[in-house]
Amino acid sequence: QFDLYAYFIPYYTVSFETNGGNAIDSLKVLSGNKIEKPLDPVKEGYIFKAWYYNGEEFDFNKDVISFDQTLYAKYYIEMSFDTLGGEEINSVLIDEGSQFDTTQYVANKDEKYFVFWTLNGSKVSKETYYYENTMFTAYYLDIKHSWLDDYNWHIDDNLKLVLDKYNGSDSNIIIPNGVHILGERVYEGCDFITSISLSDTVFEINSFAFNDCSIKELYIPLTVTKLLPSSLAGINNTLENPQACLYKTNNLSSTVSSIV
């Protein structure tokens with residue numbers, strides 16, 4: 001005589017979270033069995049990467065089902081580059097929700113000096129996480145790289161070129177278009193400089209920009225809207241004609257005269 005006992009193999013449910021893609025029906029699976037990979041979900045503007053569980057890619061050839069679980073779809077997104085007429089750079093696929101280092105990619109364009117990539121008008125941060133296709137735009141200076149070799153400089157948060165310190169030896173300085181701001185004490189101690197001419201793109205001169213300089217000719221265009229009493233402080237009283245500091249303007253001439 002034998003006693004027979006029923007043995008039940010449980011079914012488990014496997015669900016698919018497509019994270020914005022088209023819906024995929026869940027499956028009922030006998031414990032210990034594998035499942036077939038479903039059709040890749042479609043999510044507009046994204047490229048499907050793989051199914052994941054608990055942070056690891058699910059292997060449909062090896063992984064067996066022993067409990068209810070949900071698989072999550074992950075996608076690639078496309079990082080592309082607008083070089084504004086420069087040499088083309090191929091787009092790059094990255095995981096959705098990951099960071100991306102744009103400094104690995106340099107734009108090349110004739111007569112332009114590439115500085116960095118921008119996004120929505122601001123410099124791209126390495127700390128940003130991306131969740132959708134993104135296009136970066138090249139930021140160039142309208143200046144030849146060789147001219148900047150004599151300066152310490154930086155680009156500020158408003159994408160303006162700031163000259164921080166002059167390291168050259170020219171006695172006659174002509175600042176070309178593309179420079180926006182003269183930093184504090186940028187020419188300090190350069191007593192060999194006899195003349196400085198600013199381009200129309202300069203709009204700000206910071207304190208003591210020409211401290212301890214023996215400048216005879218200093219030409220400041222009307223575009224300079226920030227000129228403080230301390231901006232020209234420290235010039236060694238060598239200007240031959242203080243009024244010649246300005247290009248036919250009267251509103252700042254009294255300031256220049258009082259300083260020098």
Side-chain angles (χ1 to χ4, degrees), residues 84-86 109-116 118 120-123 137-260:
L84 300 176
K109 186 177 181 180
D110 291 342
E111 300 300 321
K112 297 287 185 178
Y113 178 56
F114 173 75
V115 184
F116 47 59
T118 64
N120 299 324
S122 299
K123 181 181 178 181
T137 303
Y139 182 79
Y140 301 97
L141 297 179
D142 291 322
I143 265 181
K144 291 184 177 180
H145 182 236
S146 57
W147 189 87
L148 288 170
D149 287 346
D150 289 335
Y151 288 86
N152 296 341
W153 57 275
H154 73 276
I155 304 295
D156 69 10
D157 292 339
N158 296 313
L159 302 185
K160 302 303 181 184
L161 173 57
V162 183
L163 299 184
D164 296 312
K165 180 63 178 176
Y166 181 61
N167 304 308
S169 57
D170 292 341
S171 59
N172 299 307
I173 304 296
I174 299 177
I175 297 178
N177 287 333
V179 175
H180 304 107
I181 299 172
L182 298 190
E184 185 173 327
R185 302 179 187 272
V186 57
Y187 293 104
E188 183 173 52
C190 298
D191 56 2
F192 52 85
I193 297 177
T194 58
S195 70
I196 297 180
S197 178
L198 310 185
S199 73
D200 289 342
T201 59
V202 177
F203 63 84
E204 179 178 333
I205 302 176
N206 281 287
S207 299
F208 300 99
F210 313 103
N211 191 45
D212 285 337
C213 290
S214 301
I215 302 172
K216 294 183 178 180
E217 296 179 332
L218 175 59
Y219 295 97
I220 302 175
L222 288 169
T223 53
V224 175
T225 56
K226 183 178 179 181
L227 183 65
L228 305 174
S230 58
S231 297
L232 303 181
I235 295 178
N236 293 330
N237 294 320
T238 54
L239 288 176
E240 295 179 344
N241 180 5
Q243 303 301 328
C245 286
L246 308 171
Y247 284 147
K248 299 180 181 179
T249 183
N250 296 320
N251 61 330
L252 295 177
S253 58
S254 59
T255 301
V256 176
S257 299
S258 65
I259 295 171
V260 297

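Each residue takes its place number in the sequence, starting with 1. Computed from heavy atoms alone, side chains included, the values below leave out hydrogens, waters and symmetry copies.
To the nearest 0.5 angstrom, Tyr219 atom OH is 11.5 Å from Leu198 atom CG. The line from CD1 of Ile196 to CD of Glu217 is 11.0 Å long, rounded to the nearest 0.5 Å. Atom CG of Asp157 and atom OG of Ser122 lie 8.5 Å apart (nearest 0.5 Å). Rounding to the nearest 0.5 angstrom, the gap separating the CG atom in Asp170 from the CZ atom in Phe192 is 8.0 Å.
Taking 4.5 Å as the limit, every side-chain heavy atom of Ile155 sits out of range of all side-chain heavy atoms of Lys123. Side-chain contact between Trp147 and Val179 is present, with at least one heavy-atom pair separated by less than 4.5 Å. In this structure, Ile175 and Thr201 have side chains that are not in contact, with every pair of non-hydrogen atoms separated by 4.5 Å or more. Inter-residue side-chain proximity for Leu161 and Leu148 is flagged as met; some heavy-atom pair is nearer than 4.5 Å. Residues Asn206 and Lys226 have side chains in contact (heavy-atom distance under 4.5 Å, counting atoms from C-beta outward). At least one side-chain heavy atom of Leu163 sits less than 4.5 Å from a side-chain heavy atom of Tyr187.
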> Are Asp212 and Asp191 close enough, and set up right, to give a side-chain contact (heavy atoms from CB on, under 4.5 Å), and what steps lead you there?
Replying inline: CA-CA 6 Å; Asp212 285 337; Asp191 56 2; over 6 Å; no
> Could you go step by step and tell me if Leu227 and Leu232 meet the side-chain contact (heavy atoms from CB on, under 4.5 Å) rule?
Replying inline: CA-CA 8 Å; Leu227 183 65; Leu232 303 181; 4.2 Å; yes
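Legend: residues meeting ring-ring contact (aromatic ring centres under 6.0 Å, His included) with Tyr139, ordered by chain and number and at least two apart, are Phe116. Under the salt bridge (charged side-chain N to carboxylate O under 4.0 Å, His left out) criterion, Glu184 pairs with no residue at all, not counting sequence neighbours. With sequence neighbours left out, the salt bridge (charged side-chain N to carboxylate O under 4.0 Å, His left out) criterion links Lys165 to no other residue.
For the pairing with Trp153, the side chain to side chain contact (heavy atoms under 4.5 Å, CB included) check across Ile181, Leu141, Val186, Val162 returns one residue only, Leu141. Checked against Ser195 for a side chain to side chain contact (heavy atoms under 4.5 Å, CB included), the options Leu218, Ile174, Asn172 give a single hit: Asn172.
When atom types are taken as modelled, the side chain of Ser231 and the backbone of Ile205 share a donor-acceptor pair closer than 3.5 angstrom. Listed for the Ser171 side chain is no donor-acceptor partner under 3.5 Å among the backbone atoms of Thr194. For Asp156 (side chain) and Asn158 (main-chain N/O), a donor-acceptor pair under 3.5 Å exists by modelled atom type.
Closest approach of Pro176 and Ser199 over heavy atoms only: O-OG, 3.0 Å. Nearest heavy-atom pair, Ser230 versus Ser207, reported as atom, atom and distance to 0.1 Å: OG-OG, 2.7 Å.
Within 6.0 Å of CG in Asn167 there are more than 12 heavy atoms belonging to other residues, nucleotides or ligands.
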